[in-house]
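Along the sequence shown, residues carry numbers from 1. Numbering of ligands and ligand atoms starts at 1, following listing order. What you see is a predicted model; the values in this text were computed from it and never measured.
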Amino acid sequence: MISDAWETALAQFDQVSKRIPLSEDIHQVLRNFDRMLTVSIPIRMDNGFLRVFTGFRVQHNAARGPYKGGIRYHPELTLNNLKALAMEMTWKCSLVGVPFGGAKGGIICNPKTLSKGELERLTRRYTYAIMPIIGTEKDIPAPDVNTNEQVMAWIMDTYSINNGYYTPGIVTGKPVNIGGSLGRTHATGLGIAYTIAHAVKYKKMNLKNLKVIIQGYGNVGSAVGKFLNEMGCRVVAVSSSKGGIYNPRGLSHTALIKYYKENGSFDRFPNAEGMTNESLLELPCDVLVPAAMSNQITEENADKIRARLIVEGANGPTTVEADQRLAKRKIPVIPDILANAGGVVVSYFEWVQDAQRYFWSEREVNEKLKNILDCTYEEVHSLSQEKKLSMRTAAMTIAVKRVAAAISVRGLYP
Ligand code: NAD
């Protein structure tokens, strides 16, 4: 059984390399990483004691452009998680045609137990520690689980001060008043909503009253909920790490956000049944959107899923074995590298706007985003129909081939 996110990512890559087939040389290059940096981050805590945290930045491959990928703060973060996520970023950027390679980074910490000052010192010292390998033309971080606009602003400020001048293009997902892009905060969620709308057309389902379940109502999940509410869908169940709630008649996005802000969980949300994250995944619905952590749909629960379609909001939420079982049961999965690519697409827009010091309207951002995601969806869908492949295999085939072609034409140095 494959339970580790890295093993899942590697197994998916190996399967696709065999299918293409990739040359053994390129297969070897892409199974490995360009660079993996581990750093110690000593911080003076508010109580006067010093504590040393561990941070990482993993760079997978930059054949198609500078490395790009989020920064995650999580107590259970491992190098293997980051390797999986960095490799997936290489495929995602390639699939949607943005000129970046893949990276991911983070710090082993529980931000919920840190004060704002501790979080700022941690972020600034981590930025300083990874400075030798990041840069606007080298590696551009972005938000991920437990990091946000504020964290990006600290990274940008620390880098700019050390660099000697204002360098907004060092991170994406920063506040708009210091060079962020309009539309970036909700881009991943909006992209997922566009993808659902696109996929539903092919499945002959109707957006109106479409029953949707969202596991993880954070940055990504809550934006999906907001846009789906606006499109007339019925979000029937949502969750946070503390558990979920279900109401088959539908949940209002505004009420959910207000309740979560006031209570810090969805526990006892009015007129809804409380449940665990595990049972939430097994409820009947039209579309299931896992938007929390990796490896949520596994060999153990894949046969209990009662959704008609799965759209991956999180990175790597479905294991290889679960994928096979879902395929047997004819439950299609729209893969993460397609479904949640909206974030990196608008990150790319932000990087372009920062380089030009010329900013676009939100409408322009959203239109360009929709155009890229719609074209990519069509490309993946046609390959999957033509060669009778799952959407994941089709998406991975397109993405890996593009990276392989870039490596091949650039050649080997020295
Ligand atoms: P977030 O921290 O804002 O939200 C995560 C949500 O999941 C929260 O509601 C949290 O309570 C919940 N959660 C945490 N652990 C859980 C568990 N074990 N079971 C169920 N719920 C749990 O993070 P986010 O930025 O929304 O990212 C969510 C996922 O989307 C991650 O897999 C991330 O890699 C992926 N992603 C994020 C972006 C982005 O732009 N933020 C882009 C692409 C992919």
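- The protein heavy-atom contact nearest to atom 21 (N) of ligand 1 is Ala292 CB, 3.4 Å.
- For atom 2 (O) of ligand 1, the closest non-hydrogen atom on the protein side is Asn146 N, 3.4 Å.
- Which parts of ligand 1 touch Ala291 is read off a 4.0 Å heavy-atom cut-off, strictly below it: atoms 28 (C), 29 (C).
- Side-chain contact check for Ser347 and Arg184: at least one donor-acceptor pair (N or O, by modelled atom type) lies under 3.5 Å.
- At least one heavy atom of Arg72 sits less than 4.0 Å from an atom of ligand 1.
- Side-chain contact check for His27 and Asp14: at least one donor-acceptor pair (N or O, by modelled atom type) lies under 3.5 Å.
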Take Ile407 and Asn61, measure what side-chain contact (heavy atoms from CB on, under 4.5 Å) needs, and give me the verdict at the end. CA-CA 9 Å; Ile407 295 175; Asn61 185 277; 3.8 Å; yes

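- Which parts of ligand 1 touch Ser241 is read off a 4.0 Å heavy-atom cut-off, strictly below it: atoms 10 (C), 11 (O), 12 (C), 13 (N), 14 (C), 15 (N), 16 (C), 21 (N), 22 (C).
- In this structure, the side chain of Tyr259 engages the main chain of Arg268 through a donor-acceptor pair within 3.5 Å.
- Closest to atom 33 (C) of ligand 1, if we only count protein heavy atoms, is Asp144 OD1, 3.4 Å.
- For atom 36 (N) of ligand 1, the nearest protein heavy atom (residue, atom name, distance) is Asn315 ND2, 3.8 Å.
- Counting the atoms of ligand 1 from 1 in the order shown, those under 4.0 Å from a heavy atom of Met293 are 15 (N), 16 (C).
- No hydrogens or angles considered: a donor-acceptor pair under 3.5 Å links the side chains of Gln353 and Ser181.
- With respect to Glu118 and Arg51, no salt bridge is recorded, no charged nitrogen being found less than 4.0 Å from a carboxylate O.
- Across the listed options Ala314, Gly218, Gly244, Ala142, Gly218 owns the non-hydrogen atom lying nearest to atom 6 (C) of ligand 1.
- Each of the atoms 40 (O) of ligand 1 lies under 4.0 Å from some heavy atom of Arg184.
- Of all protein heavy atoms, the one closest to atom 19 (N) of ligand 1 is Asn277 ND2, 3.4 Å.
- The backbone and the side chain of Val220 each have at least one atom closer than 4.0 Å to an atom of ligand 1 (non-hydrogen atoms only).
- Ion pairing between Asp286 and Arg234 fails under the 4.0 Å rule for side-chain N and carboxylate O.
- The protein non-hydrogen atom at the shortest distance from atom 1 (P) of ligand 1 is Asn219 N, 4.0 Å.
- The closest protein non-hydrogen atom to atom 27 (O) of ligand 1 is Val145 CG2, 3.8 Å.
- Counting only N and O atoms by type, the side chains of Asn315 and Lys92 include a donor and acceptor under 3.5 Å apart.
- Checking side-chain atoms of Thr167 against main-chain N and O of Gly169 turns up no donor-acceptor pair under 3.5 Å.
- The part of Thr188 lying near ligand 1 is the side chain, judged by heavy-atom distances below 4.0 Å.
- Atom numbering of ligand 1 starts at 1 in the shown order; those under 4.0 Å from a heavy atom of Gly313 are 30 (O), 35 (C), 44 (C).
- When all heavy atoms of Tyr260 and Ser240 are compared, the pair lying nearest together is CE1-CB, 3.8 Å.
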